[in-house]
Protein chains: 2
Amino acid sequence: MHILIVEDEKGIMDFLKQGLEEENFTISTATDGAEGLKKALELSVDLVLLDWMLPKMQGIDVCRNIRLEKQNLPIIFLTAKDTVQETIEGLKAGANDYIKKPFSFEELLERIKIHFRSKDEITTLTLGNITIDKSQYKTFVDQKEVILTQREFELLEYLIKNKGKVCTRTHIIEDVWDIHFDYDTGVIDVFMNSIRKKLNLTKERELIKTIRGVGYIANEI
Amino acid sequence: MHILIVEDEKGIMDFLKQGLEEENFTISTATDGAEGLKKALELSVDLVLLDWMLPKMQGIDVCRNIRLEKQNLPIIFLTAKDTVQETIEGLKAGANDYIKKPFSFEELLERIKIHFRSKDEITTLTLGNITIDKSQYKTFVDQKEVILTQREFELLEYLIKNKGKVCTRTHIIEDVWDIHFDYDTGVIDVFMNSIRKKLNLTKERELIKTIRGVGYIANEI
DNA sequence: TTGCAGATTAAGCAAAAATTAAGTTAGACT
DNA sequence: AGTCTAACTTAATTTTTGCTTAATCTGCAA
């Protein structure tokens with residue numbers, strides 16, 4: 001995971017950089033607002049730690065500009081001042097979190113982890129009474145294990161990850177089968193069929209719905 | 001969006017409930033930990049505001065238990081104490097955010113919005129009490145789902161996108177059916193009919209008007 | 001009142017999806 | 001290596017869905 005630190009005080013920068021590197025994050029740095037913005041947009045950064053007071057461009061403006069381009073990049077403000085008004089301003093500008101100096105490194109670390117939590121660390125996903133465990137490649141219906149093959153598992157995982165969103169056939173073939181050209185056999189149907197059978201999904205318990213002409217969608221009932 | 005507030009002090013509860021209802025959130029409440037946990041798991045909640053000190057079960061245990069079942073449900077702690085250690089504990093237990101009492105309502109609101117930011121928006125369109133969600137291919141009338149076929153959905157989407165503008169038959173056939181030559185069967189009429197029926201559009205609730213000799217227009221009343 | 005545009009309805013039909021079975025491949029075991 | 005088995009893919013068949021057509025009905029306007 002790649003973190004960009006934008007901070008002009010060398011002491012704090014070194015402290016952060018060293019601490020986070022020890023936690024196995026990849027670190028990039030910038031010491032003024034303009035440079036920070038540039039790097040945030042150009043590098044493939046996963047999270048930004050952003051000082052409030054910066055040379056060249058205020059932190060809040062950097063934040064706003066990042067948001068214009070990257071809507072999902074988490075931004076955490078580091079601020080010396082602690083006025084409520086500033087906090088609110090920062091959040092409105094698109095920051096995801098806010099931490100007051102002096103802060104404990106441990107707290108910062110936890111807050112950083114929050115933003116990565118959803119990404120990949122969670123190994124179990126659920127859909128209704130179905131639970132899948134990525135780390136063990138196991139599937140359960142009402143706590144009872146059901147044996148799925150690898151493809152079946154991957155397809156189910158994909159649907160659950162995108163719970164509530166329609167998965168088009170094209171996307172499924174691309175993301176689950178990794179086929180990047182026009183492709184149409186009945187593979188998806190066949191797997192969908194066997195998943196439904198194994199998981200006991202009937203017309204009444206329709207956790208996976210077919211969207212005719214489009215694809216499929218997983219949904220709690 | 002549905003928020004569950006778990007808080008035992010009546011004053012704070014009322015303050016939160018009222019304030020958030022004014023912002024058009026749907027609110028459920030619980031006054032002790034056990035009840036809070038139960039509701040968090042049973043109701044279709046989108047976010048939890050969780051007090052730290054609670055009767056029956058401490059907030060942090062409620063948090064841990066929610067996390068076991070629902071990995072993606074955002075939890076914000078409300079806490080009177082402000083020790084760093086507690087904050088860290090809360091975050092480790094799976095909370096997504098942490099706000100210290102007394103807090104400004106505005107800050108709380110911003111923090112809540114952060115968690116909804118990525119979610120919906122953009123994909124939903126509305127016309128009166130009708131809402132359509134493109135990402136789910138779903139249609140709601142007064143929050144209750146109505147099943148439309150794909151063509152019906154596309155036609156409705158087209159009308160809502162052009163809300164307030166007249167859609168001529170020619171344009172509809174071109175843009176929705178993708179037919180680029182002179183064409184006249186009753187297809188549009190047939191679909192308009194079934195849409196109106198499914199959405200309960202009567203002469204009185206005429207969200208979609210017929211412009212005789214021209215086409216149709218969608219309009220809030 | 002008559003004619004025309006639109007609304008309504010029902011039926012035929014074609015496309016999509018579900019299902020089943022058979023063929024193919026890859027990995028495990030002897 | 002050869003055989004066996006499990007998993008994946010393809011293909012063929014059946015079922016379902018919903019789009020379209022066409023025929024009829026309704027109501028407004030000349």
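Every chain is numbered from 1, with letters handed out A, B, ... down the list of sequences.
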Give a yes/no on whether any side-chain N or O of [X] is located under 4.0 angstrom from OP1 or OP2 of [N].
| X | N | value |
| --- | --- | --- |
| Trp177(B) | dC19(D) | no |
| Thr149(B) | dT17(D) | no |
| Lys197(B) | dT9(C) | yes |
| Arg169(B) | dA5(C) | no |

Exercise. Is Lys165(A) salt-bridged to Asp133(B), cutoff N-O under 4.0 Å?
Worked result: no
Exercise. Salt bridge between Asp14(A) and Lys17(A), side-chain N to carboxylate O under 4.0 Å?
Worked result: no
Problem set entry | Trace of the side chain to side chain contact (heavy atoms under 4.5 Å, CB included) decision for Val187(A) with Arg151(A) | CA-CA 11 Å; Val187(A) 226; Arg151(A) 269 278 147 79; over 6 Å; no
Problem set entry | Residues touching DNA chain D, which here means a heavy atom under 4.0 Å, drawn from residues 181-191 of chain A | Tyr183(A), Thr185(A), Val187(A), Val190(A), Phe191(A)
For this session: Mind checking Tyr216(B) for me? I need base, sugar-phosphate or nothing, with any heavy atom below 4.0 Å counting as a touch.
Result: sugar-phosphate
For this session: Describe the nucleic acid contact of Glu152(A) in one word from base, sugar-phosphate, nothing, applying a heavy-atom distance below 4.0 Å.
Result: nothing
Problem set entry | Contact state string [nucleotides 24-30 of chain D, B base, S sugar-phosphate only, - no protein heavy atom under 4.0 Å] | ---B---
For this session: On the 0 to 90° scale, with breaks at 30° and 60°, tag the Tyr137(A)-Phe153(A) ring pair as parallel, tilted or perpendicular.
Result: tilted
Exercise. Using 30° and 60° as the class limits, which term best fits the ring planes of Phe15(B) and Phe105(B): parallel, tilted or perpendicular?
Worked result: perpendicular
For this session: Quickly work out the Arg151(A) CZ to dT9(D) C1' distance and round it to whole Å.
Result: 10 Å
Seminar exercise, completed: Contacts of Lys38(B) meeting side-chain contact (heavy atoms from CB on, under 4.5 Å) (sequence neighbours excluded), chain-then-number -> Glu42(B)
